[in-house]
Amino acid sequence: MATRKGVIQISEVANGVLDPVLAKRAGINSMLLGMWDEVVGPDFADCTRPEHIKWPRRASQSDAFEPGTLTIACEGARAVFLSHTQDQLVQRLNSVFGFPAVDRIKIVQKPVSSGARVVRKQPELPPERQKKLASLVDDIEDSKLRDALIRLGKGVMGKQQRSR
């Protein structure tokens, strides 16, 4: 996406749309979700996710800010082990936020991992569109990036083909 100032990454646009919704509904932002694996570490990255942050109500805007409670979903018995790391986790969270945003953690046991991913079949492109797509990504040396761009291109070009 291009603007007068240059190129904007899709993640910036998505964060601009998602952050206000996440903040209003859950008190969290996409930065925390994106950094969650680093915050909890490798021992808990696969079995936890932040649910929401609840801050105490303030009677007026002039009242002092009070840190909130972060609710974390955790799978099964690992919640016990997570509870032993709460103090470290609060410190890491506050360093991510840059201020003492959280002072307590509430752990809720529930499934975290999503079910099996549904893999959609890539649309078949006519030979001339396949050649055009191949020529667009031909100069990219990184094979993983090139393959990802080809999948993206097939999806975009396939939608254009269906809408006509």
Side-chain angles (χ1 to χ4, degrees), residues 1-54 68 70-79 81-82 85 88-89 91-99 101-102 105 107-164:
M1 180 178 278
T3 65
R4 290 186 179 118
K5 295 180 183 178
V7 177
I8 297 176
Q9 293 182 350
I10 291 176
S11 63
E12 291 177 24
V13 175
N15 289 345
V17 172
L18 290 176
D19 278 347
V21 174
L22 288 172
K24 186 173 184 179
R25 307 279 271 164
I28 58 177
N29 61 20
S30 58
M31 177 197 64
L32 176 61
L33 294 174
M35 295 182 66
W36 185 248
D37 292 357
E38 296 170 37
V39 171
V40 294
D43 293 337
F44 299 107
D46 64 335
C47 66
T48 61
R49 81 166 172 258
E51 292 278 299
H52 64 273
I53 298 175
K54 184 170 183 165
L70 172 66
T71 302
I72 300 175
C74 185
E75 291 183 345
R78 300 200 47 200
F81 298 108
L82 181 65
T85 65
Q88 294 171 341
L89 198 51
Q91 289 176 352
R92 286 189 212 149
L93 284 163
N94 289 334
S95 69
V96 166
F97 282 110
F99 66 97
V102 175
I105 293 178
I107 300 170
V108 179
Q109 286 185 315
K110 61 163 75 170
V112 171
S113 58
S114 59
R117 289 181 47 191
V118 176
V119 178
R120 294 183 183 158
K121 184 182 176 209
Q122 286 285 322
E124 287 299 319
L125 297 176
E128 69 275 357
R129 285 188 174 230
Q130 285 181 1
K131 287 179 187 175
K132 181 178 180 182
L133 180 58
S135 69
L136 290 171
V137 298
D138 194 31
D139 295 336
I140 298 175
E141 295 175 6
D142 186 333
S143 63
K144 289 182 180 180
L145 177 60
R146 185 176 47 251
D147 293 343
L149 289 172
I150 288 173
R151 286 192 305 275
L152 176 64
K154 283 183 177 180
V156 171
M157 292 175 139
K159 282 185 180 181
Q160 290 173 346
Q161 181 179 332
R162 287 186 295 246
S163 64
R164 287 184 181 176

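Residues Leu93 and Val39 have side chains in contact (heavy-atom distance under 4.5 Å, counting atoms from C-beta outward). Two residues are said to be in side-chain contact when any heavy atoms from C-beta on lie closer than 4.5 Å; Phe44 and Thr85 meet this criterion. With a 4.5 Å cut-off on side-chain heavy atoms, Lys54 and Thr71 do not count as touching.
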message: One pair to check against side-chain contact (heavy atoms from CB on, under 4.5 Å): Ile72 and Leu89. What are the steps and the verdict?
response: CA-CA 11 Å; Ile72 300 175; Leu89 198 51; 3.6 Å; yes
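Shown here for Leu70 and Pro50, the closest heavy-atom pair between the two residues is CD1-CB, 4.2 Å.
For Val137, the side chain to side chain contact (heavy atoms under 4.5 Å, CB included) criterion is met by Ile140, Arg146, Leu149, Ile150, not counting sequence neighbours. For Ala79, the side chain to side chain contact (heavy atoms under 4.5 Å, CB included) partners are Cys74, Ile107, Gln109, not counting sequence neighbours.
Between the Gln130 side chain and the Leu125 main chain, a donor and an acceptor come within less than 3.5 Å of each other.
None of Arg49, Glu51, Arg78 except one satisfies the side chain to side chain contact (heavy atoms under 4.5 Å, CB included) rule with Val112; the exception is Arg49.
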